[in-house]
Amino acid sequence: MKNLLKRMDNVRLLLEKEAFPGMAVPGLIYADHYIETMLEQDSALEQVAHVACLPGIVGYSYAMPDIHWGYGFPIGGVAAFDVNEGIISPGGVGYDISCGVRLLSSYIKLADIKPVLDALTTALFSAVPSGVGSSSAIRLSLKDLDDVLRKGARWAVKEGMGMQDDLDRTEEGGCLDGALCEFVSSRAKERGKNQLGTLGSGNHFLEIQVVDEIFDKAAASQMNLESGSITVMIHCGSRGLGHQVCDDYLKVMRRAMAKYKIDVPDRQLCCAPIQSEEGQQYIGSMKAAANFAMANRQIIGSVVRDVFAQFFPGKPLFPVYDVSHNMAHIEKHIWEGRKREVCVHRKGATRAFEGQPVLIPGSMGTASYVLVGTKKAEMESFASTCHGAGRVLSRNEAVKRTRGQNLVREMADRGVTVKADSFRTLGEEMPEAYKDISAVVEVVHQAQLSLKVAKLKPVAVIKG
DNA sequence: ATGTGC
């Protein structure tokens, strides 16, 4: 399929409709020549073509430069579906519903943090539970959990964990209206009940960083970012609760496919019409899981603040922004001069409305970026941009290659303190398992889907 | 991603 790509310019490739039978729209892949060489054999591109076959798709089946193979839809994929004729698909959101990033900033300087770095990192590691299956000290009744699912980060602030400014600097104010907790299974609730305030595992992390480079002074100052100052990045999602919601609704959608006579090229793309009862129940449950994820990041941010306050009294941590990388939203867009209401699936992709902060976490030991959304993204990609470096090695392949390596020491040699819950996860997350994040960011910057504001370098990282 | 796996 790779030789069916037509280069449009330095950062855009077109996958024409002729590439795969049934494509209703072409594919649009954001890639320069380096990213093009990184496109996996074919599997992720095939997934771009498959998504283009789904009912009601508008515009293109998009792939951001961090694209790699995922469940049904590629990770780094974006697709908008007409609200009346289109579908909603759990595979287009991903297993970790509303996995995302929260960034806090400070006026603490790198030199001030160096003498206490080990103690601070250890304190953060013990204050924020991490790892697969980790649980927190926050024990909720099912009634309280329903409140979290309805109110999101607002619930945490109401309980004394954070402030109004945090909500003002969170996507959707930290709470999605229309969450339907009555359609979230009791199994999902049971799994999530004791996991609020936990980091999880995989690519999730809690990182102390320093602002290494500023590209846009005005935007950086609006976001409370200044060169040489410390930031804290929190990357996590909806834990077992979101995972179970995805699992539950994949089953629901498989049944709905027969009921609504929807035909798709891959079973993993199972979906239902947006306006169907199954579609509406998934959307309500997905929103509930997203509220859980936003509450989770709000709580972790609050715990991080408490720990920092012990080391740096009187030097607060300010909210920069909190944004999701795995979500579907009903949004109004103008496409080919026509007002359209669409359901935009962003799976491993970030919303990028004009002026909105975009947070791009790097892989372990590498830089992260802050960008800002653009009018161009609103016009061209349903206000979407990339979400990270994107894998080039599978988890298994990465672990194989780390045999005999001491990743903690290698990170220390790079000047990054690492504390981890699991050696296996460290191997999966080795830097070589990912593309060069700077190259990914350069593509979306050149395509003007979002513009570079600041580069953040890791100082200490906590991995689940 | 995940009370990790056919």
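Below, all heavy atoms of this structure are taken into account, side chains as well, without hydrogens, waters or symmetry copies. Here is how names work: the chains are called A, B, and so on, in the same order as the sequence lines, proteins then strands, and each is numbered from 1.
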Figure out the [atom1]/[atom2] separation between [X] and [N], and round it to whole Å.
| X | N | atom1 | atom2 | answer |
| --- | --- | --- | --- | --- |
| A/Lys463 | B/dT2 | NZ | C1' | 15 Å |
| A/Arg424 | B/dT4 | CZ | P | 12 Å |
| A/Glu428 | B/dT4 | CD | C1' | 8 Å |
| A/Leu250 | B/dT2 | CG | P | 16 Å |
| A/Arg239 | B/dT4 | CZ | P | 12 Å |
| A/Gln195 | B/dT4 | CD | P | 12 Å |
| A/Asp96 | B/dT4 | CG | C1' | 14 Å |
| A/Asn194 | B/dT2 | CG | P | 16 Å |

With heavy atoms under 4.0 Å as the rule, sort [X] into base, sugar-phosphate or nothing.
| X | result |
| --- | --- |
| A/Gly237 | nothing |
| A/Glu190 | nothing |
| A/Gly94 | nothing |

Does A/Cys246 have any side-chain contact (heavy atoms from CB on, under 4.5 Å) partners at least two apart in sequence or in another chain, and if so, which?
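Expected list: A/Pro90, A/Tyr95, A/Leu250.
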
Partner residues of A/Ala367 under the side-chain contact (heavy atoms from CB on, under 4.5 Å) criterion, sequence neighbours left out:
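A/Ala367 satisfies side-chain contact (heavy atoms from CB on, under 4.5 Å) with A/Tyr369, A/Lys455 once adjacent residues are dropped.
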
Take A/Glu429 and A/Thr425, find for each the nucleotide of DNA chain B with the closest heavy atom, and name the residue whose nucleotide sits nearer the 5' end.
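Result: A/Glu429.
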
salt_bridge(A/Arg305, A/Asp166) N-O dist < 4.0 Å:
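Looking at A/Arg305 and A/Asp166, the cut-off is met.
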
Taking A/Glu278 first and then A/Arg255, would you say they form a salt bridge - that is, a charged N and a carboxylate O separated by under 4.0 Å?
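No, no charged N to carboxylate O under 4.0 Å.
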
Nearest to the side chain of A/Ser201 - B/dT4, B/dG5, B/dT2?
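Minimum distance to the A/Ser201 side chain belongs to B/dT2.
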
What nucleotide among B/dT2, B/dT4, B/dG5 has an atom nearest to a side-chain atom of A/Asn396?
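Among B/dT2, B/dT4, B/dG5, the one nearest the side chain of A/Asn396 is B/dG5.
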
At under 4.0 Å, does any side-chain N or O of A/Arg395 touch on OP1 or OP2 of B/dT4?
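Checking B/dT4 against A/Arg395, no side-chain N or O comes under 4.0 Å of OP1 or OP2.
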
Taking the six-membered ring of A/Phe125 as reference, does the NZ or CZ atom of A/Lys419 fall below 6.0 Å from its centre and within a 45° cone about the axis?
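Yes, A/Lys419 lies over the aromatic ring of A/Phe125.
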
